[in-house]
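Accompanying notes for the structure given below.
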Amino acid sequence: MTLTEPVTTDATALEPSSCMICGGRSFRPAGISSGYRIFRCTECGFHFVYPTPPLSEIAAIYEKYLSNTHYSAKAERKILRAMKQIKRYRHLARGTRFIDFGCNIGTAVEAANRLGFEAYGVDIDEESVGLARKEYPGGHYHAGAVESLPADWKDFDFAFMIEVIEHLPDPHAYFEAMKARLKPGALLYLTTPDAGHWSVPKDFPAWKEVFPPQHLHYFTKAAMRRFLTDHGFEVIRFVWSAKSRLKVLARKL
């Protein structure tokens, strides 16, 4: 996981004033989950928790996060899956420097390393990065916020961001810091839950992907295209998925 400071919100306001993605000012309540209110922008379909929980509240959740054991138990399967994804899109990358933003225990980094990439990974969780260094020493790892990456971690050709953006209190700040580390023309492969998928229930909080404060943002394709464009990326294509998963390939301009 990777966290940045949240966008400042007025916790006393009953409704948001503008959409962080498109700037729209028309919203509909999408429901309440675990006490957190969720709204939908009627212009771009973006769903989001409002007000944004303070970073201390979010961090407290992740201190109890038990995914490392879960990830480790099926690590080799995740490596093979990541290798398949990297092989599928490597022809679109214009070089061999690879970075995984939100690398967890390093399975995608290891996958890229096995395929001949110079592979790097960053995650805010020190325990996860410690496991990555121990289990997959062929990669390079950094524990901390993306803003704290070493100066020579730059000019990357291919970036993974798998199931990360929905967790970020401030995706705009994160993307600007991330983008600075990529070469012009770099390839980005990003996945996140798809709030516009046909299988999402009308009762939005009943969707299995809705569990704030871990998940704060829920993108549609329209919202994701707008977000990426605003941050200087060109969408190459959205990858079809039978599951409620938004998968997108984009290139840094």
Side-chain angles (χ1 to χ4, degrees), residues 1-9 20 52-68 71-72 82 93 95-113 117-192 213-217 227-228 230-233 250 252-253:
M1 256 308 303
T2 315
L3 299 177
T4 54
E5 288 291 342
V7 175
T8 301
T9 58
M20 72 161 65
T52 303
L55 190 59
S56 58
E57 184 176 329
I58 299 169
I61 294 292
Y62 286 104
E63 287 177 1
K64 302 175 183 179
Y65 201 48
L66 302 177
S67 68
N68 286 341
Y71 271 69
S72 297
T96 58
R97 280 175 63 82
F98 173 95
I99 185 166
D100 184 13
F101 292 97
C103 68
N104 198 266
I105 64 167
T107 52
V109 176
E110 173 64 10
N113 183 57
F117 285 84
E118 183 182 356
Y120 295 72
V122 56
D123 200 286
I124 200 167
D125 184 64
E126 292 186 4
E127 181 184 354
S128 296
V129 172
L131 286 170
R133 289 176 175 143
K134 177 182 177 182
E135 298 296 328
Y136 311 117
H140 308 271
Y141 303 96
H142 177 77
V146 66
E147 294 88 348
S148 70
L149 287 174
D152 60 345
W153 283 46
K154 60 182 181 179
D155 295 333
F156 290 100
D157 305 292
F158 192 173
F160 259 32
M161 187 179 289
I162 309 299
E163 310 301 304
V164 171
I165 195 169
E166 64 271 17
H167 297 267
L168 300 174
D170 187 351
H172 290 295
Y174 187 91
F175 249 72
E176 285 304 299
M178 178 272 286
K179 184 178 71 172
R181 301 295 177 152
L182 305 182
K183 276 184 182 177
L187 180 68
L188 171 67
Y189 178 60
L190 179 154
T191 73
T192 189
Q214 290 94 329
H215 285 187
L216 299 170
H217 310 300
F227 177 82
L228 290 172
D230 286 350
H231 285 281
F233 287 83
K252 179 186 173 182
L253 298 175

- For Arg181 and Leu149, the nearest pair of non-hydrogen atoms, with its separation, is NH2-O, 3.0 Å
- Message: So does Leu131 get a backbone contact from the side chain of Tyr136, meaning a donor-acceptor N/O pair under 3.5 Å?
- Response: no
- Item | pair Leu168-Leu216: side-chain heavy atoms closer than 4.5 Å | no
- Task: First locate atom CG of Leu182, then atom NZ of Lys179, and finally report the distance between them rounded to the nearest 0.5 Å.
- Result: 9.5 Å
- Task: Please answer whether the main-chain N or O of Gly232 pairs with a side-chain N or O of Lys252 as donor and acceptor at a distance below 3.5 Å.
- Result: no
- Results of ring pair (Phe, Tyr, Trp, His ring centres under 6.0 Å) for Phe233 - residues two or more places apart only: Phe175
- Query: Pro137: what forms a side-chain contact (heavy atoms from CB on, under 4.5 Å) with it, not counting sequence neighbours?
  - Reply: none
- Can a cation-pi geometry be assigned to Arg97 and Phe156, taking NZ or CZ under 6.0 Å from the six-membered ring centre and within 45° of the ring axis? yes
- Assess the pair His231 and His172: is the distance between their ring centroids shorter than 6.0 Å? yes
- What heavy-atom pair brings Asp157 and Ala93 nearest, and what distance separates the two atoms? O-CB, 4.2 Å
- Can you name the closest pair of heavy atoms from Pro53 and Pro213 and give their distance? CG-CB, 4.1 Å
- Message: Could you tell me if the side chain of Ile99 sits less than 4.5 Å from the side chain of Phe158, heavy atoms only?
- Response: no
- Note on the structure: ring pair (Phe, Tyr, Trp, His ring centres under 6.0 Å) filter on His140, not counting sequence neighbours, yields Tyr120
- State whether the side chain of Arg133 and the backbone N or O of Ser128 hold a donor-acceptor pair below 3.5 Å, judged by distance alone. no
- Message: Aromatic contact between Phe160 and Phe101, with the criterion being ring centroids under 6.0 Å apart: yes or no?
- Response: no
- Item | Evaluation steps, side-chain contact (heavy atoms from CB on, under 4.5 Å), between Leu228 and Leu188 | CA-CA 10 Å; Leu228 290 172; Leu188 171 67; 4.1 Å; yes
- Item | 4.5 Å side-chain heavy-atom contact, Val164 and Thr191 | no
- Message: For a quick check under 3.5 Å, do Glu118 and Thr96 share a side-chain donor-acceptor pair by atom type?
- Response: no
- Heavy-atom pair with the smallest gap, counting every atom of Asp100 and Met161: OD1-N, 4.5 Å
- Of the non-hydrogen atoms in Tyr141 and Cys103, which two are nearest, and what is the gap between them? CD2-SG, 4.3 Å
- Quick one: pull up NE2 in His215 and OG1 in Thr192 and give me the separation to the nearest 0.5 Å. 7.0 Å
- Query: Does a side-chain heavy-atom distance below 4.5 Å link Met20 with His217?
  - Reply: yes
- Message: Are the side chains of Trp153 and His142 in contact, using a 4.5 Å heavy-atom criterion?
- Response: yes
- Message: Minimum heavy-atom separation for Ala173 and Glu147, please, with both atom names.
- Response: O-OE2, 4.2 Å
- Message: With heavy-atom distances below 4.5 Å as the criterion, would you say the side chains of Thr107 and Ile105 are in contact?
- Response: yes
